There are 2 protein chains.
Amino acid sequence: MTKTPGLPVRGSTTGRPIMVLFDILGQRWTLRILWELREERLTFRELQNRCDNMSPTILNGRLKQLRDSGFVDHEEGGYGHTDIGRELTDHLVVFDGWAKNWAEKIGMEYEAPQ
Amino acid sequence: MTKTPGLPVRGSTTGRPIMVLFDILGQRWTLRILWELREERLTFRELQNRCDNMSPTILNGRLKQLRDSGFVDHEEGGYGHTDIGRELTDHLVVFDGWAKNWAEKIGMEYEAPQ
DNA sequence: GTTTGTGCTACAGAAAACATAGCATGGAGT
DNA sequence: ACTCCATGCTATGTTTTCTGTAGCACAAAC
């Protein structure tokens, strides 16, 4: 079941791009997968390891979806971002700094390990 | 079950803020709820309507979570963003324009209704 | 005192995700 | 040729999450 802008998705019959995007990102592990690929290409199993040993069934499903959506490809060296996938992930990277700020405001200072 | 930076979440034992954020956003409807509140306060039922009549059970759960996380409050006029919730949502608004671009690249020109 | 709006909760069924096992392919080494 | 290992999955049964529908409790308006 491919999710493409223009086609209806869960929670939206119009296929409006932002809704399609929300539908994709609002599934468990999707954001995390994009995130983990931010620095280097990873094999299926490396990716699985970094994603807390998530179920391969789901990982495979997500990767299929991300490839269908044009965010991820699978070439020499494993799975990695396409150009547009990198663009999307760059936006996510912004959230990293932002989240630390949020963490402080919410009353919890998080200290990075090491 | 409150999700707070510093406490472990699904897929991350460290409670690293970005992971907590991904855990929250990577649930169905959460992105959508933040999105629908971007312009005005909405009552529970208005919000439900805009979110494709999502199940009130889940809506209630999400709202609890978003309040616990400090993104949403419930005051005069219904549910709405806190300052930090607005900040987060501003980032999401960026995705709207971006998603249209993505839609074109992926080979589907989406025309907004009306 | 009945109707309308609001903010939910209850509950049964459907869908998604999980954990674990294991298979098929391909290359390296011996 | 054959074992060994990495890689990319699929299969299966269980658990968790989400859905859909019904309905309750409170408050204000009429």
Side-chain angles (χ1 to χ4, degrees), chain A residues 1-3 7-13 19-37 40-69 71-81, chain B residues 1-3 7-13 19-20 22-37 40-69 71-82:
Chain A
M1 196 259 261
T2 306
K3 295 184 195 295
L7 293 176
V9 288
R10 300 180 309 174
S12 167
T13 49
M19 292 304 161
V20 180
L21 187 62
F22 284 171
D23 192 45
I24 293 172
L25 299 183
Q27 285 173 105
R28 226 195 135 172
W29 295 116
T30 306
L31 287 163
R32 176 70 171 269
I33 291 167
L34 289 170
W35 173 262
E36 295 296 345
L37 293 174
E40 46 182 341
R41 290 199 159 265
L42 298 172
T43 66
F44 188 94
R45 281 171 130 105
E46 284 169 338
L47 195 47
Q48 192 187 13
N49 280 172
R50 299 211 188 192
C51 293
D52 217 60
N53 287 307
M54 67 176 288
S55 174
T57 316
I58 306 299
L59 178 55
N60 188 35
R62 294 295 182 273
L63 287 171
K64 251 186 200 114
Q65 193 173 58
L66 289 170
R67 273 182 289 174
D68 287 347
S69 311
F71 296 140
V72 160
D73 57 23
H74 188 205
E75 295 173 6
E76 190 63 29
Y79 288 94
H81 287 308
Chain B
M1 193 260 261
T2 305
K3 294 185 196 295
L7 294 175
V9 287
R10 301 182 307 175
S12 168
T13 50
M19 293 303 159
V20 179
F22 284 172
D23 192 45
I24 293 172
L25 300 182
Q27 284 172 104
R28 221 192 143 175
W29 295 115
T30 305
L31 287 163
R32 176 70 171 270
I33 290 167
L34 289 170
W35 174 261
E36 296 296 346
L37 294 175
E40 46 182 343
R41 289 198 162 267
L42 297 172
T43 65
F44 189 93
R45 280 172 132 105
E46 284 170 338
L47 195 47
Q48 191 186 14
N49 280 171
R50 299 210 189 194
C51 293
D52 216 59
N53 287 307
M54 67 176 287
S55 174
T57 316
I58 305 300
L59 178 54
N60 187 36
R62 294 294 182 275
L63 286 172
K64 250 185 201 114
Q65 194 171 60
L66 288 170
R67 274 181 289 174
D68 287 346
S69 311
F71 296 140
V72 161
D73 57 23
H74 187 206
E75 296 172 7
E76 190 63 27
Y79 288 95
H81 287 306
T82 59

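Labels below follow one simple rule: chain letters A, B, ... track the order of the sequence lines, proteins then strands, and each chain is numbered from 1. Remember, predicted model here, so these are calculated numbers, not experimental data. Values below: all heavy atoms of this structure, side chains included; hydrogens, waters and symmetry mates excluded.
A donor-acceptor contact under 3.5 Å links the side chain of B/Arg45 to the base of C/dG7.
The CZ-P distance, from A/Phe44 to D/dT10, rounds to 8 Å in whole Å. Between the CE atom of A/Met54 and the P atom of D/dT16 there is a distance of 18 Å, given to the nearest Å. When rounded to the nearest whole Å, the span between CG of A/Asp52 and P of C/dA17 equals 16 Å. Distance B/Gln27 CD to D/dT16 C1': 12 Å, rounded to the nearest Å. Between A/Gln48 atom CD and C/dG22 atom P there is a gap of 16 Å when expressed in whole angstrom units. With rounding to whole Å, A/Asn53 atom CG is found 10 Å from C/dT20 atom P. Put simply, CD on B/Glu46 is 11 Å from P on C/dG5, counting in whole angstrom units. The CD1 atom of A/Ile24 sits 15 Å away from the P atom of C/dA16 (whole-angstrom rounding).
We find the CZ-NE2 distance between A/Arg41 and A/His81 to be 9.5 Å, quoted to the nearest 0.5 Å. Considering CD1 of B/Ile33 and CZ of B/Phe71, their distance stands at 13.0 Å, rounded to 0.5 Å. For the atom pair B/Leu25 CG and A/Arg28 CZ, the distance stands at 14.0 Å (nearest 0.5 Å). Between atom CG of residue B/Leu63 and atom CG of residue B/Leu37 there is a gap of 7.5 Å, rounded to the nearest 0.5 Å. With values rounded to the nearest 0.5 angstrom, B/Asn49 atom CG is found 9.5 Å from B/Leu42 atom CG. Atom CE in A/Met19 sits 10.0 Å away from atom CG in B/Leu31 (nearest 0.5 Å).
Listed candidates were C/dT9, D/dC18, C/dG7. Nearest to the side chain of B/Thr43 is C/dG7. Distance from the side chain of B/Lys64 is smallest to C/dT9 among D/dC18, C/dA17, C/dT9.
Side-chain N or O atoms of A/Gln48 include one that pairs as donor or acceptor with a backbone N or O of A/Met54 at under 3.5 Å. Side chain of A/Arg32 to main chain of B/Asp23: no donor-acceptor pair is present (N/O by atom type, distance under 3.5 Å, no hydrogens or angles).
Within residues 55-62 of chain B, the residues having any heavy atom closer than 4.0 Å to DNA chain D are, in order of number, B/Ser55, B/Pro56, B/Thr57, B/Ile58, B/Arg62. For the segment residues 73-82 of chain B, no residue has any heavy atom less than 4.0 angstrom from an atom of DNA chain D.
Within the structure, a side-chain polar atom (N or O) of B/Arg28 is placed less than 4.0 Å from OP1 or OP2 of D/dT19. Put simply, B/Trp29 has no side-chain N or O that comes within less than 4.0 Å of OP1 or OP2 on D/dT17.
In summary, A/Glu36 and A/Arg62 do not engage in a salt bridge, as defined by a charged side-chain N under 4.0 Å from a carboxylate O.
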